[in-house]
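Below: one structure, written as structure tokens.
Counting convention: from 1, in listed order, for ligands and their atoms alike. Just so you know, these numbers use all the heavy atoms, side chains as well, and skip hydrogens, waters and symmetry mates. Throughout, numbering of the chain's residues begins at 1 and tracks the sequence.
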Amino acid sequence: MRTLLLAVCSLFFITESIAQTNFEQDSLKIRSIFDMALLDGKSYEWLDHLSNEIGGRLSGSLEAERAVKYTENELKELGLDRVWLQPVMVPKWTRGLPEYSYIETAPGITSIADICALGGSVATPDGGLKAEVIEVQGIEDLARYGRERIEGKIVFYNRPMKADLIHTFEAYGGCVDQRYSGAMEAAKYGAVGVVVRSMNLRLDDLPHTGTMTYGDLPAEQRIPACAISTNGAEYLSSALKLKPDLKFYFKQNCKTFPDVQSFNVIGEITGSVYPNKYIVVGGHLDSWDLGDGSHDDGAGCVQSMEVLRLFKKINYKPKHTIRVVLFMNEENGLRGGNKYAEDAKLKGEQHVFALESDAGGFTPRGFSFDTDAANFEQIKSWEPLFKPYLIHYFEKGGSGADIGPLKDDGIVLAGLRPDSQRYFDHHHAANDTFDAVNKRELELGGAAMASLVYLMDKYGTKTEMTTVKN
Ligand SMILES: [Zn+2]
């Protein structure tokens, strides 16, 4: 009994000391990743080029194609084992000439409103569209008002994002149905157009675009949809209280063309132990066109590229094949994400872990994981390694839109979670620009991602390890 107890005790101490050694090794490795990112990082320079030399990268645009070529070349410069383009057909929608709009409170008395077309919207008639307005707080109000009060009018969706929610993405999720399905639903009640309050938590003059759908509505029933700035929405709402019969005018010149070919940009370091098992890190290369897409999602792209560059720089040879994927067309179609997953499935590639950065280039706080209890327990045990960098908020939850299609029982999905308080000040608006991204915050995000990928690569996912034993 005593011998057995001693044996158990020494086994315990051996396991403990292995854990201790691993912790020390991992701490040092992670320190070297952060040092390299902060002292000799490349992500900010890449973002500068993407934002200031190329600009907004809407799917199907010349800028999107230039971004493909630029990132492909930059990845080639890193000396990866393979860099290639994965063809994918993407939608092509253009904004055309700038939109124009005003509120007419009495004949000849007008004030300008700041609007932009929603992505995917049809144009207004050539001379623009002028009609009375009915304000609603959401799609559910349409049934309450009914066709007799909506027909022939412009529906104004004015439900604001909830300011008391700490996670601003939750507030976004609580409103975005107005933008995405608002026009389709209002058209069913005979509305002639739709104005949506911008998905923005602060009051300013910038309209925020974003994708919308008409579902199966036939072409002749599709009505134009625009976003109005939050200040504009407040003004329109108060004007409507005084003058319920005021008129809203808008003119937009957007157009949908046939699909065109574009590409996901992919680079990889081949795994030294498991070359046929894949870890993916990525963001989306396309962006909206009003700003230059620095936060959404230029930041995520350059951070993902930085992960592979950091590994090369610190001479880390991963066990798994580590891929960076710059997905095309997340914003208005998700074609790149779907295509990547489809091809991976066709080729029978085993993906064990995927990490996306698509929540802005702000100070990283931690990660969100879409996985089971066993994997999450292992991941939670790594939190102390991230504590020195204040990036140790690990929670269960969503990951990223582009890696979503990879989801199956065998893969762990994760998303970088930066501070989200200022994200929706910029999201899909003209001020999503390079100057809004802080160099250090961007670099900390890339380093945190590289550190997590390093740990996942070294220890493997729990799912993967169980499969190996079987
Ligand atoms: Zn995005």
Side-chain angles (χ1 to χ4, degrees), residues 43 46-47 50-51 54-61 63-64 67 71 88 90-91 93 118-120 161 167-173 175-176 179-180 198-200 208-212 227 262 264-265 280-305 324-338 340 354-362 364 367-368 397-406 413-420 422-434 436-437 441-442 445-446 449:
S43 55
W46 282 328
L47 188 63
L50 270 183
S51 305
I54 296 176
R57 303 168 294 281
L58 195 50
S59 289
S61 68
E63 289 82 0
T71 50
V88 55
V90 297
W93 174 87
L118 292 182
M161 286 173 76
H167 294 284
T168 61
F169 280 86
E170 235 176 90
Y172 179 65
C175 279
V176 75
R179 189 195 76 204
Y180 188 66
S198 285
M199 310 284 125
N200 179 3
H208 294 227
T209 191
T211 195
M212 50 91 64
S262 188
N264 291 328
V265 182
V280 162
V281 58
H284 63 86
L285 195 52
D286 66 306
S287 77
W288 284 106
D289 55 333
L290 298 174
D292 59 35
S294 286
H295 276 295
D296 188 11
D297 184 28
C301 288
V302 297
Q303 287 172 328
S304 302
M305 292 162 71
V324 53
V325 184
L326 309 178
F327 296 95
M328 185 50 71
N329 185 230
E330 187 272 347
E331 294 293 3
N332 56 342
L334 204 69
R335 301 275 185 88
N338 286 327
Y340 181 82
L355 168 63
E356 180 156 359
S357 168
D358 182 20
F362 295 101
F367 297 95
S368 165
S399 55
D402 298 287
I403 57 174
L406 284 169
L413 299 175
L416 179 72
R417 288 292 166 260
D419 186 293
S420 71
R422 284 172 289 149
Y423 186 58
F424 290 96
D425 296 357
H426 303 272
H427 186 247
H428 300 179
N431 63 340
D432 181 1
T433 46
F434 183 66
V437 177
E441 293 179 358
L442 180 76
M449 289 164 73

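For the Zn ion (ligand 1), the N/O/S atoms of Glu331 include none lying under 2.8 Å. Within the 2.8 Å limit, Glu330 places no N, O or S atom next to the Zn ion (ligand 1).
Side chain to side chain, Asn329 and His284 fail the donor-acceptor criterion of an N or O pair below 3.5 Å.
Between Ile403 and Tyr340 there is no side-chain heavy-atom pair separated by less than 4.5 Å. Put simply, the side chain of Asp286 reaches to within 4.5 Å of the side chain of Glu330, judged on heavy atoms. Using a 4.5 Å cut-off on side-chain heavy atoms (C-beta onward), Arg335 and Pro91 make contact.
Between the OD1 atom of Asp296 and the NE2 atom of His284, the angle taken at the Zn ion (ligand 1) works out to 90° after rounding to 10°.
The atom of Asp358 nearest to the Zn ion (ligand 1) is OD1, with the search restricted to N, O or S atoms.
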